[in-house]
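Notes for the one structure printed next.
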Amino acid sequence: MRKLLVLFICLALVSVSVFASGAQESAFPERNIQIIVPYAAGGGTDAVARAIAQFAEPHLGQPITIINKTGGGGAVGWAEAAKARPDGYTLTMFAPNIVNLSIMNLSPVGYKEFEPILMFNNDPGTIVVAKKNANLDVVEMLNDDSYKSGGENPNFYLLTIQAQTGVIHQDIPYGGAAERVPAVLGGHVDFAIVNVGEAKGQIDAGELIPLAVMSEKRLDAVPNVPTLKELGIDAQMGSWRGLAAPKGTPKEVIAILEDAFTKAANEQGFKDFMKKAAFNIDFKSSADFWTFMEEQDVATTKMLSK
Amino acid sequence: MFSNLMQGLMSVFSNPMVFLLMIFGVVSGITIGALPGLTSTMAMAVLLPVTFGMEAKMSFALLLSVYCGAIYGGSITAILINTPGTPSAAATTFDGYALAQRGQAGKALATSTLSSSIGGVISVLLLITIAPILAKFTLRFAAPEFFALAVFGLSIIASISNKNIVKGLMAGFFGLIIASIGLDPISAIPRFTFGRTELLSGVAFIPLMVGLFALPQCFVEMESMFKEKTILKGVHSKLINFKEFLSILPTIIKSALMGAFIGAVPGAGGDIAAFTAYNEAKRNAKKDERFGTGELKGIAAPEAANNASTGGAMIPLLSLAVPGDSNTAVLLGGLIIMGLQPGPLLFTQQSDIVNSIFAIMLLANIFMGIIGLAGIRFFVKALSVPKQIIVPVVLTLSVVGSYSMNNSIFDVFVTIVFGIIGYLMLKADVIVSPIVLAVILGPMAETNYRRALIMFDGDMSFLYNRPITVVFLALAIFTIVSSLFKQKLFKRGVSR
């Protein structure tokens with residue numbers, strides 16, 4: 001009887017330890033997770049990262065720290081993230097440059113060095129003009145090369161449109177929206193393509209007029225503004241953000257992260273934040289996000305080779 | 001106009017928590033500003049998520065106090081150890097450190113504190129009264145105007161190096177070469193990056209500045225620190241008297257107006273404001289005033305101007321939703337997250353929060369003055385700490401600061417390399433400030449010149465047929481010519 005009891009206890013211990021080790025394997029994460037943001041604190045990508053981190057912490061049960069590592073339009077931060085141990089404890093924020101920079105040979109790493117986790121938003125380009133040009137016909141404007149544009153170089157929004165219209169506008173190189181918006185307001189350029197969130201104050205005040213958006217469907221933020229597609233120019237391009245882990249991160253870990261971040265992204269608090277900041281929510285699962293980036297890669301490569 | 005301010009003050013006074021946050025913000029801002037390598041942008045970005053859950057008023061009390069405090073804090077280390085804590089305080093080293101070395105650190109700090117506080121208050125008053133008009137005016141700045149402004153800023157190199165203009169120009173051109181490293185701002189082609197990803201966005205500015213100012217100073221101290229008793233004798237914390245205050249007041253007001261205006265131009269911040277105001281004060285110097293040797297006006301001008309740039313920078317932020325620098329970019333993020341959309345409508349639809357912002361900035365500048373004046377007695381104690389302790393502390397802070405800027409060990413190497421360059425320059429009696437000016441203004445001049453050429457299809461008539469451009473270019477020529485003239489006079493005086 002006693003022997004039987006000992007045997008039973010031994011069996012119990014073994015099974016508990018086996019169970020425990022099994023549990024340990026699936027116990028990711030067991031320490032804090034860091035997200036490398038390749039852009040400065042206070043910017044749009046940083047804001048999304050900090051907000052999602054706040055909502056994902058309870059789902060993962062571990063603190064998430066944000067590390068800003070800027071430079072080279074994102075290349076520095078991504079190079080660092082790609083080198084990190086692929087264990088799911090180091091993640092990074094993606095933006096369109098993860099695809100674009102490596103096509104232009106400006107970054108040692110591209111999206112293929114990573115495993116996507118989840119895409120959060122996609123803000124389509126929105127063509128804005130100053131108040132005095134409110135009555136311009138946008139199709140006419142895009143087909144008339146006497147109108148000047150102000151945009152980043154290379155201006156992927158404008159290149160996408162030009163690929164459809166064949167009309168080449170003079171494009172004066174400006175930095176971010178902080179430079180493009182005053183350039184349009186001051187009449188130094190005729191139009192610029194920005195994200196609605198970047199110009200919302202001026203749009204609400206009627207100082208900047210959005211003429212068209214470069215998305216499949218109209219935007220909730222500016223429901224009266226037509227899409228370029230409706231107007232007969234099928235040009236779509238947006239600025240998107242998502243989360244990724246270095247290549248080689250175990251499938252199970254990616255699945256846990258995808259699950260936790262998807263739950264966090266679907267919380268009302270996060271959605272409210274995105275709405276307030278005028279980010280256009282467009283969740284894409286790990287697999288869809290990958291396909292999306294492949295499509296972007298093909299389109300951009302084609303555009304730049306022209 | 002001022003009834004708005006009163007409303008704002010009342011809503012701030014109704015909540016004691018706001019006061020506590022502001023005092024905390026000012027004190028931490030001053031501390032962060034004083035530490036080389038730690039900047040107000042960093043502090044605000046770290047605090048921003050903390051403020052997510054707060055009421056908008058409280059969140060701004062914290063963020064704006066840190067912003068104002070940090071710009072002032074940079075002058076403390078500039079005066080005491082010749083190491084500007086922030087880029088805005090680089091111009092304060094000229095006379096501030098010289099005066100402190102003469103044993104009058106208290107006087108130097110009092111001048112900087114009062115000038116900062118008054119400069120800040122003046123800029124807030126301007127923000128309240130003429131924000132919409134000034135915002136409209138700055139919209140007239142297109143590429144040619146920005147180019148001319150940058151050239152004018154660069155011409156100040158001649159003025160700050162009038163002991164030896166050739167050496168100043170050498171430093172300036174070296175700075176311009178450094179500024180050309182990285183992705184070309186117009187066509188995005190890498191220049192002088194040697195294949196390093198870290199250099200694609202150029203040499204990081206804060207590590208460069210820490211290297212140029214903090215390290216050489218430490219190296220020089222190290223040469224003598226075990227040889228002799230290196231504690232400054234006769235340091236007194238005596239502040240300035242009323243007569244002295246009256247004599248610098250016109251400089252403060254003038255510099256504050258210039259600072260607020262420059263701050264309001266997107267892309268130009270406290271650093272350019274400070275150098276411009278210093279240049280202007282020096283140009284107007286009376287015969288018995290010797291700038292560079294501890295002249296009170298030489299401290300008052302840059303300090304009033306850099307703090308005035310805070311109120312100025314709020315103008316395009318609030319009325320155009322255009323952040324002029326990295327600090328206001330963080331504030332813009334804060335505003336948007338709180339559901340406030342800056343822009344023309346903010347003033348009418350959210351006048352309550354706008355009034356609170358006015359009141360908070362006004363009070364933050366006043367608190368900053370009071371806390372600063374009260375702290376001078378403690379700040380000057382840093383001078384009586386033995387060099388054997390100060391030097392390692394500053395070296396450590398410099399390295400930590402340059403690392404923490406971007407969590408990058410590469411930036412630490414940048415600091416060390418520029419530390420060595422700065423030390424050699426110090427030995428060769430070449431001032432380093434022109435490098436700072438060139439690194440800030442070089443890209444601004446280049447980008448806007450090339451942008452203007454594209455805008456006008458290669459036609460260079462924009463250089464003379466746009467009024468604002470002409471004014472700035474004329475000022476630049478005037479600054480260079482008058483500096484050359486003064487140097488000649490100076491040399492003649494010496495040879496006699």
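Note on naming: letters A, B, ... go to the chains in the order of the sequence lines (proteins, then strands), and numbering restarts at 1 for each one.
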Neighbour count above 12 (heavy atom, 6.0 Å) for A/Lys271 NZ: yes

A/Lys69, part contacting chain B, at a heavy-atom distance under 4.5 Å: both

B/Met455 versus A/Tyr174, closest heavy-atom pair with distance: CE-OH, 3.9 Å

Best-contacting candidate, A/Gly186, A/Ala205, A/Ala278, against chain B by heavy atom pairs under 4.5 angstrom: A/Ala205

Residue part contacting chain A, namely of B/Arg140, when any heavy atom lies under 4.5 Å: backbone

Between CG on residue B/Leu335 and NZ on residue A/Lys276, distance to nearest 0.5 Å: 12.0 Å

Shortest non-hydrogen separation from A/Ala75 to B/Leu200 and the atoms involved: CB-CD1, 4.2 Å

CG/A/Asp220: more than 12 non-hydrogen atoms of other groups inside 6.0 Å: no

Shortest non-hydrogen contact from B/Asp457 toward A/Gln170: OD1-NE2, 3.0 Å

Nearest atoms (heavy-atom pairs only) where B/Pro190 meets A/Leu106: CG-CD2, 3.6 Å

Nearest-0.5 Å distance, CG of residue B/Leu346 to CG of residue A/Asp204: 11.0 Å

Closest contact, heavy atoms only, A/Ile67 versus B/Asn407: CG2-ND2, 3.0 Å

Nearest-0.5 Å distance, NZ of residue B/Lys136 to CG of residue A/Leu185: 10.0 Å

Heavy-atom proximity to chain B below 4.5 Å, by part of A/Ala277: both

Main-chain N/O of A/Gly71 paired to B/Glu198 side chain as donor or acceptor, under 3.5 Å: no

B/Thr447 OG1 to A/Glu179 CD distance, which is reported to the nearest 0.5 Å: 8.0 Å

Closest heavy-atom pair and its distance - B/Gly343, A/Gln202: CA-NE2, 4.5 Å

Residue pair A/Pro173 / B/Ile454, side-chain heavy-atom distance below 4.5 Å: yes

Spacing of B/Asp184 atom CG and A/Asn153 atom CG [to the nearest 0.5 Å]: 8.5 Å

Flag side-chain contact, heavy atom, 4.5 Å: A/Pro108 against B/Thr197: yes

Other residues, nucleotides, ligands: >12 heavy atoms within 6.0 Å of B/Phe413 CZ: no

Heavy-atom contact with chain B under 4.5 Å, split by part of A/Glu152: neither

